[in-house]
Amino acid sequence: MSSPAPAVVSSSPKPLKKQPYPFWLGGVAATIAASITHPLDLTKVRLQASGDKRMIESIRKTVRTAGVRGLFDGISGTWMRQMSYSMCRFWAYEESKKYLGAGKDAPAWKLALAGSMAGGIAGLVGNPGEIVMVRLQGDFAKAPEKRFNYKHCFDALFRMVREEGPSSLARGVAPNVFRAILMNASQLASYDFFKAELLKTKYFDDNIMCHFTASFAAGTVATTVCSPADVLKSRIMNASGPGSNSTLGVIKASLKNEGAMFMFKGWLPAWTRLQPTTILIFLTLEQLKNFVDFSRGKGWTFL
């Protein structure tokens, strides 16, 4: 009598863990978006740092004095800032979410905490690029004798170290880090939150319409939350000379001369700039992620 054959236990192969996206993807998406919206960002900085009162008048003044090319003054500083600050913040946000265990349906507070952690790191790393960007953008709004006259972003960086010392790279770091924490806690976290909530409804799928709606809401939240720190950052970084980097001194002088509403000066151009930038960043980022998924599905290993 033959013994029964042992039962064969079929083991289904474990699904392969999805590879993380390249760490630089967020920086590329932000650089593309910031290049498109650079004229609005330039106008916002000049409104905050100068005596200009209206957005349209500030744009006309720029075109009148420097031509249409003047709307792209300091774009090399924008690129430096995005490829330092923005690349770092997107990478740090994803790593912070992993550390906190903030998955697909994470609560808003956990996403905001991850965004705050990312903002603190990126604010420190990106501070030199932030100063360079603000100075390059704000230079032509000043009187000729007060201009820095930097040629490009690297000239600005080297001259700052040579003429003002290495400590100049940390100018305004406190309000900049504070602003970065607010920005990432509001923009990145609210985008993920709104996207997750929209996908729970029957009206949205994970497509460009969902990404657009979530990023529109995130841009409005981020503009309102970040406006006070953004104004302080621009004023401190544009200043030069002894004692000009005192955050408390800038606050006291601004309150005395303009009142408490100075903190929201430039809100409309900030919203007008940040809204399309936020939308473009996330739409571009989602499409770059789709391209990475497509290329990996084809067996291409360069991403």
Side-chain angles (χ1 to χ4, degrees), residues 19-34 41 77-104 106-135 153 156-157 160-161 166-193 195 215 218-219 221-223 225-234 236-237 245 247 270 274 277-278 281-282 284-286 288-289:
Q19 287 181 272
Y21 292 105
F23 74 94
W24 44 262
L25 217 58
V28 172
T31 301
I32 293 170
D41 195 25
T78 297
W79 293 338
M80 174 180 276
R81 187 246 188 183
Q82 298 303 335
M83 291 307 291
S84 55
Y85 165 74
S86 287
M87 183 163 63
C88 182
R89 75 183 180 117
F90 277 99
W91 166 79
Y93 180 60
E94 293 302 322
E95 293 300 314
S96 298
K97 286 199 295 183
K98 292 177 190 175
Y99 178 77
L100 295 171
K104 191 176 180 181
W109 69 266
K110 193 172 278 192
L111 294 173
L113 181 57
S116 299
M117 292 166 65
I121 296 168
L124 284 171
V125 171
N127 199 69
E130 193 88 24
I131 300 171
V132 168
M133 181 192 73
V134 169
R135 288 191 174 189
C153 61
L157 206 61
M160 280 175 61
V161 174
S167 63
S168 65
L169 299 179
R171 178 183 290 274
V173 69
N176 189 38
V177 169
F178 180 58
R179 185 251 186 199
I181 290 170
L182 293 177
M183 172 60 73
N184 289 278
S186 56
Q187 188 191 55
L188 298 186
S190 61
Y191 175 77
D192 277 353
F193 175 77
K195 180 182 173 183
S215 58
V221 171
T223 304
V225 170
C226 295
S227 184
D230 211 15
V231 172
L232 286 175
K233 178 207 71 173
S234 292
I236 291 171
M237 288 183 176
N245 60 347
T247 303
L274 189 61
T277 301
T278 302
I281 285 174
F282 287 115
T284 305
L285 182 60
E286 296 283 3
L288 288 174
K289 286 180 177 180

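Just so we're clear, the structure is a prediction, and the values are computed from it rather than from any experiment.
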Minimum heavy-atom separation for Tyr191 to Ala218, with atom names? N-CB, 3.8 Å
Rounded at 0.5 Å granularity, tell me how far OH in Tyr21 sits from CD in Glu94. 9.5 Å
Where do Ile121 and Cys88 come nearest, in terms of heavy atoms and distance? CG2-SG, 3.8 Å
Hey, what do you get for CG (Asn127) to OG (Ser168), rounding to the nearest 0.5 Å? 10.0 Å
Treating Thr31 as the side-chain partner and Gln82 as the backbone partner, does any N or O pair qualify as donor plus acceptor under 3.5 Å? no
Shortest non-hydrogen separation from Ala222 to Gln187 and the atoms involved: CB-CB, 3.9 Å
So, for Ala102 and Leu111, which heavy atoms are closest and what is the spacing to 0.1 Å? CB-CD2, 4.4 Å
Sequence neighbours excluded, which residues qualify as side-chain contact (heavy atoms from CB on, under 4.5 Å) partners of Thr284? Ala29, Ile32, Leu288
Considering residues at least two apart in sequence or located in another chain, which fulfil the side-chain contact (heavy atoms from CB on, under 4.5 Å) criterion with Pro107? Trp109, Lys110
Test side-chain contact (heavy atoms from CB on, under 4.5 Å) applied to Lys98 - qualifying residues, sequence neighbours left out: Pro20, Glu95
Under 3.5 Å, is there a donor-acceptor pair between the side chain of Ser86 and the main chain of Met83? no
Is the ring pair Phe282/Phe90 parallel, tilted or perpendicular, if the boundaries are 30 and 60 degrees? perpendicular
d(Leu188 CG, Ser116 OG) to nearest 0.5 Å is 10.0 Å
Considering non-hydrogen atoms only, spot the tightest contact between Ala33 and Thr277 and give its length. CB-O, 3.8 Å
Taking only residues two or more places apart in sequence or in another chain, which ones pass side-chain contact (heavy atoms from CB on, under 4.5 Å) with Phe23? Met87, Trp91
CE (Met80) and CG (Leu157) are apart, to the nearest 0.5 Å, by 5.0 Å
My understanding is that only residues two or more places apart in sequence, or in another chain, count here; which of them pass side-chain hydrogen bond (donor to acceptor under 3.5 Å, both in side chains) with Lys195? Glu286
Do you know which two heavy atoms are closest between Ala156 and Val132, and how far apart they sit? CB-CG1, 3.9 Å
Heavy-atom distance under 4.5 Å between the side chains of Val161 and Leu169, does that happen here? yes
Verify, without hydrogens or angle tests, whether Ser227 (side chain) and Thr223 (backbone) share a donor-acceptor contact under 3.5 angstrom. no
Under 3.5 Å, sequence neighbours excluded: what are the donor-acceptor pairs made by side chains of residues 177-186?
| unit_1 | atom_1 | unit_2 | atom_2 | d |
| --- | --- | --- | --- | --- |
| Arg179 | NE | Asp230 | OD1 | 3.2 |
| Asn184 | OD1 | Arg89 | NH1 | 3.1 |
| Asn184 | ND2 | Tyr85 | OH | 3.2 |
| Asn184 | ND2 | Ala180 | O | 2.7 |
| Ser186 | OG | Leu182 | O | 2.6 |
| Ser186 | OG | Met183 | O | 3.1 |

CA sep, side-chain torsions, deciding dist, call: Arg171, Met160, side chain to side chain contact (heavy atoms under 4.5 Å, CB included): CA-CA 11 Å; Arg171 178 183 290 274; Met160 280 175 61; 5.9 Å; no
